[in-house]
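Each remark here refers to the structure printed beneath this line.
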Amino acid sequence: MTSAEPLVLGIESSCDETGVGIVRGTELLANAVSSSMDEHVRFGGVIPEIASRAHLDALIPTLRSALDTAGVSLDDVDALAVTSGPGLSGALMVGVAAAKALALATGKPLYAINHLVAHVGVGVLDGGALPRSLGALLVSGGHTEILRVDALASDVTLLGATIDDAAGEAYDKVARLLGLGYPGGPAIDRIARGGNPKAIRFPRGLTLPKFMGTADSPGRHRYDFSFSGLKTAVARCVEQYEARGEEIPVADIAASFQEAVVDVVTSKAVLACREQGLENLLLGGGVAANSRLRELLAARCASAGIALRIPRPGLCTDNGAMVAALAAQVVMAGGRPSGIAFGTDSGQPVSAITL
């Protein structure tokens, strides 16, 4: 294997996107993605069994598409990588089983990769090497976390996370309450542009002093998030309008809800960076495409003197390129392959960058 610029093929199947990406070092050669989102629309959310079956159908065609786009064969690949967790157990099993089969058939080394850290690692494909003193804010349908990244391939620490719903999950549930359909993130972002974000003061979860504490005496949830109470507040608001027989101000509610989410997410991320001495912040995950989140985070980072980095939208959502990118960094750092004895881990912690 050429450790300087290894050619790595990565497989992602943690939720409803089947992704196969191919990178050479930090160069993106292919990023094929097949989504089963349309199959989940009528349920208002991802159904794990449907997602797993969709991965089975899509994996081989997506693999072929990535190889064709990159203009390489499996024989050319130096290493294979696959998301081992966190994610939906059944969905993860499909990708891991496929990766193990490819490893056995080709004799290539296999790396089991952490899905969340891969969202950070994808940054090397869009802007080059990641800076030192780096924090990461990951916001998606299944995860909302703040990370400290001391060494991408070997040393990542969880600073804060949601204790209930992820931000993207809250968007989906509120969109359903407002009759906006699924997925909720783009729908709310779009309609919120015509609403008043100050129309309704929705609660900001885990921001009271008893949760936050102080810099000298941090509270238990200083960098953590909670969105379940916000979701309930929106539901009660909608019910009150209905009980009075009044028209529901959908745009104002959407804008006010979105402002509550991004206000807490951005303020806590910036707070964590300042208190942890982190001069750079990377925003990743599917919700990174949200216009208000990007706008407010950019403004607050600028005010705090924090350099903000956001990979292009196609690399923020779940994809195989991010898995390959992180695995390439592990290879170049001298990390050992995982072999084929590992299992999936739906709760894989960020400290376990590989298994």
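This is a predicted model, so every value here is computed, not measured.
- Separating the CG atom in Asn319 from the CG atom in Asn31 is a distance of 4.5 Å, to the nearest 0.5 Å.
- Residue Val238 is grouped with residue Ile200 when hydrophobic side chains (ILVMFWY) are merged at heavy-atom distances under 4.5 angstrom, including chains of intermediate members.
- Here CG of Asp57 is found 9.0 Å from OG of Ser34. Values are rounded to the nearest 0.5 Å.
- Nearest heavy atoms, Ala327 versus Val8: CB-CG1, 3.9 Å.
- No donor-acceptor pair under 3.5 Å is formed between the side chain of Ser65 and the backbone N or O of Pro61.
- Annotation: cation-pi geometry not satisfied between Lys231 and Tyr171 (NZ/CZ under 6.0 angstrom from ring centroid, within 45° of ring axis).
- Judged by distance alone, the side chain of Lys108 and the main-chain N or O of Leu102 form no donor-acceptor pair under 3.5 Å.
- Judged by distance alone, with hydrogens and angles left aside, the side-chain atoms of Thr83 form no donor-acceptor pair with the main-chain N or O of Gly85 at under 3.5 Å.
- For the pair Ser36 (side chain) and Glu39 (backbone), a donor-acceptor distance under 3.5 Å is absent.
- Hydrophobic clustering of Ile, Leu, Val, Met, Phe, Trp and Tyr side chains at less than 4.5 Å, counting indirect connections, keeps Ile163 apart from Leu116.
- Within a 6.0 Å sphere centred on CZ of Arg274, other residues, nucleotides and ligands contribute 12 heavy atoms or fewer.
- Residues Gly343 and Leu355 approach most closely at O-CD1, 3.5 Å, considering heavy atoms.
- Between the side chains of Ser73 and Asp76, at least one donor-acceptor pair of N or O atoms lies under 3.5 Å.
- The heavy-atom pair separating Ala254 from Ile188 by the smallest distance is O-CG2, 3.9 Å.
- Screening residues 275-287 for salt bridge (charged side-chain N to carboxylate O under 4.0 Å, His left out) gives Arg222-Glu275 as the qualifying pairs, with residues at least two apart or on separate chains.
- Ser89 and Thr344 get closest at one heavy-atom pair: O-OG1, 4.5 Å.
- Pairs of residues two or more places apart, or lying in two chains, never qualify as salt bridge (charged side-chain N to carboxylate O under 4.0 Å, His left out) while including a residue from residues 7-29.
- Other residues, nucleotides and ligands contribute more than 12 heavy atoms inside 6.0 Å of the CZ atom of Arg244.
- Asn280 and Ser133 are not linked by any side-chain donor-acceptor pair at a separation below 3.5 angstrom, with hydrogens and angles left out of the test.
- Listed for the Asp224 side chain is a donor-acceptor partner under 3.5 Å among the backbone atoms of Ala161.
- Using a 4.5 Å cut-off between side-chain heavy atoms of Ile, Leu, Val, Met, Phe, Trp and Tyr, with links allowed through other members, Val82 and Leu80 fall into the same hydrophobic cluster.
- Asp189 and Ser291 share a donor-acceptor pair across their side chains, judged by distance under 3.5 Å alone.
- Looking at Lys210, its side chain never comes within 3.5 Å of a backbone N or O of Gly219 through a donor-acceptor pair.
- Cys15 SG to Leu92 CG: the interatomic distance, rounded to the nearest 0.5 Å, is 9.5 Å.
- Glu247 CD: 12 or fewer foreign heavy atoms inside a 6.0 Å radius.
- Between atom CG of residue Asn114 and atom OG1 of residue Thr354 there is a gap of 9.0 Å, rounded to the nearest 0.5 Å.
- Counting heavy atoms from C-beta on, the side chains of Cys237 and Ile253 come closer than 4.5 Å.
- No side-chain heavy atom of Phe211 sits under 4.5 Å from any side-chain heavy atom of Arg220.
- In this structure, Asp172 contributes its side chain and Pro183 its backbone to no donor-acceptor pair below 3.5 Å.
- For the pair Asp126 (side chain) and Pro311 (backbone), a donor-acceptor distance under 3.5 Å is absent.
- Classification of the Phe227-Phe225 ring pair by plane angle, with boundaries at 30° and 60°, yields parallel.
- Ile310 is not connected to Val117 by any chain of hydrophobic side-chain contacts under 4.5 Å among Ile, Leu, Val, Met, Phe, Trp and Tyr, and they are in different clusters.
- A cation-pi contact, defined as under 6.0 Å to the ring centre and within 45° of the axis, is absent between Arg204 and Phe202.
- With 3.5 Å as the limit, one finds a donor-acceptor pair spanning the side chains of Asn290 and Gln258.
- Side-chain N or O atoms of Ser338 include none that pairs as donor or acceptor with a backbone N or O of Tyr111 at under 3.5 Å.
- For residues 299-310, every residue pair satisfying the salt bridge (charged side-chain N to carboxylate O under 4.0 Å, His left out) rule, not counting sequence neighbours, is listed here: Asp263-Arg300.
- Rounding to the nearest 0.5 angstrom, the gap separating the CG atom in Leu206 from the OH atom in Tyr223 is 14.5 Å.
- Neither side chain, His55 nor Ser13, offers a donor N or O lying under 3.5 Å from an acceptor on the other.
- For Lys173 and Asp165, the salt-bridge test passes: some basic side-chain N is under 4.0 Å from an acidic carboxylate O.
- None of Thr266, Val287, Ile146, Leu297 except one satisfies the side-chain contact (heavy atoms from CB on, under 4.5 Å) rule with Val139; the exception is Val287.
- For the pair Ala260 and Pro203, the tightest heavy-atom approach, listed with the atom from each and the gap, is CB-O, 4.0 Å.
- If you run side-chain contact (heavy atoms from CB on, under 4.5 Å) between Leu147 and each of Leu159, Leu138, Leu278, only Leu138 comes through.
- Linking ILVMFWY residues whenever their side-chain heavy atoms come closer than 4.5 Å, directly or via other members, leaves Val120 and Val265 in distinct clusters.
- Side-chain contact between Cys301 and Val270 is present, with heavy atoms from C-beta onward closer than 4.5 Å.
- No option in Val264, Thr162, Val261 other than Thr162 meets the side-chain contact (heavy atoms from CB on, under 4.5 Å) test with Thr144.
- Expressed to the nearest 0.5 Å, how far SG of Cys273 lies from CG of Leu308 amounts to 9.5 Å.
- When all heavy atoms of Leu110 and Ala103 are compared, the pair lying nearest together is CB-CB, 4.0 Å.
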